[in-house]
Amino acid sequence: MAVRRTCMNLARTPIVGGNWKLNAGNGVTKASVVDLVSALNAAKAPECDVYVAPPAIYLDLVASTVSPAFATTSQNVYFQEKGAFTGENSCEMLQDIGVNWTLIGHSERRDYFGETDELLGAKIAKCQSVGMNVAACIGEQKEDREAGTTMDVLIPQLKAITDNVSDWSKIVIAYEPVWAIGTGLTATPQQAQDTHADIRSWLADTVSGEVADAVRIQYGGSANADNAASLAAGPDIDGFLAGGASLKADSFAVIYGTFDK
Ligand code: PGA
């Protein structure tokens, strides 16, 4: 199904990401990464922007072997260039191996590794200073959704982004309701569309109408080959960030194929 994003005079190019998390493709070996890369290279070519985010240890391998149709993305980055920061990777090192995209602020980074909005803001500022593309993740917990306070929770997360961005062409927002991640509980198309529209309207009020019209907002949280088309029908849904469904090239190709022209 062809889905077009048009907004006044401006068309947003859809963007789909595959977050492999701590998975080496469908296994835990370099060989399984090679298998997934081969399957992606053989799959239907994307007609929208697509990125894949393997574990850091495989970034170099993926960046040097995957088709240029798939931008290789890190799942995290630190805000310092180098030094005594055990376990971290820098923008400069990523760019040196041809990786110019990173995910920031995923709920698993926030929940399991204690990342704060302040740290995310510093990372975003750093990425902006070196021209690195960022997919910045935001999302609410189940209790927030049930209490009707979703935007109250999303706004501070959004502020950590907007306070640190001057070049919006390098920023994509990934709205991922935490209760939908890895649970099979996808947001309904209406819930997703309404929240994306609320985010866009907050951006229009806080940053500018131009930025709000241009910025791409991906939906993430149990997005898969079966639900992508109905979610993509929402005019403010500009793509997906898929986790589990990105580990198989065929289901991932169906998801990005939702945006075929
Ligand atoms: P999921 O993960 O598609 O497996 O729910 C999405 C994400 O966390 O980015």
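By convention here, the first residue in the shown sequence is residue 1. Computed over heavy atoms, backbone and side chain alike; hydrogens, waters and symmetry mates excluded. We count ligands from 1, going down the list as the structure has it; atoms in each ligand are counted the same way.
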Determine whether Ile104 and Val52 fall in the same hydrophobic cluster, where Ile, Leu, Val, Met, Phe, Trp and Tyr are linked whenever their side-chain heavy atoms lie under 4.5 Å apart.
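Yes; tracing contacts between hydrophobic side chains, which count when under 4.5 Å, links both residues.
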
Sequence neighbours left out, what passes salt bridge (Lys or Arg N to Asp or Glu O under 4.0 Å) with [X]? Give chain and number order.
{"X": "Glu143", "value": "none"}
{"X": "Glu115", "value": "Arg109, Lys123"}
{"X": "Asp144", "value": "none"}

Against Asp238, only a single residue in Arg200, Gln218, His196 fulfils side-chain hydrogen bond (donor to acceptor under 3.5 Å, both in side chains); can you say which?
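Filter result, single survivor: Arg200.
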
List by chain and number: which residues place a heavy atom under 4.0 Å from ligand 1?
Asn19, Lys21, His106, Glu176, Ala180, Ile181, Gly182, Gly221, Ser222, Leu241, Ala242, Gly243, Gly244

Can you tell me if NZ on Lys170 sees more than 12 non-hydrogen neighbours from other groups inside 6.0 Å?
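Yes, the 6.0 Å shell around NZ holds more than 12 heavy atoms from other groups.
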
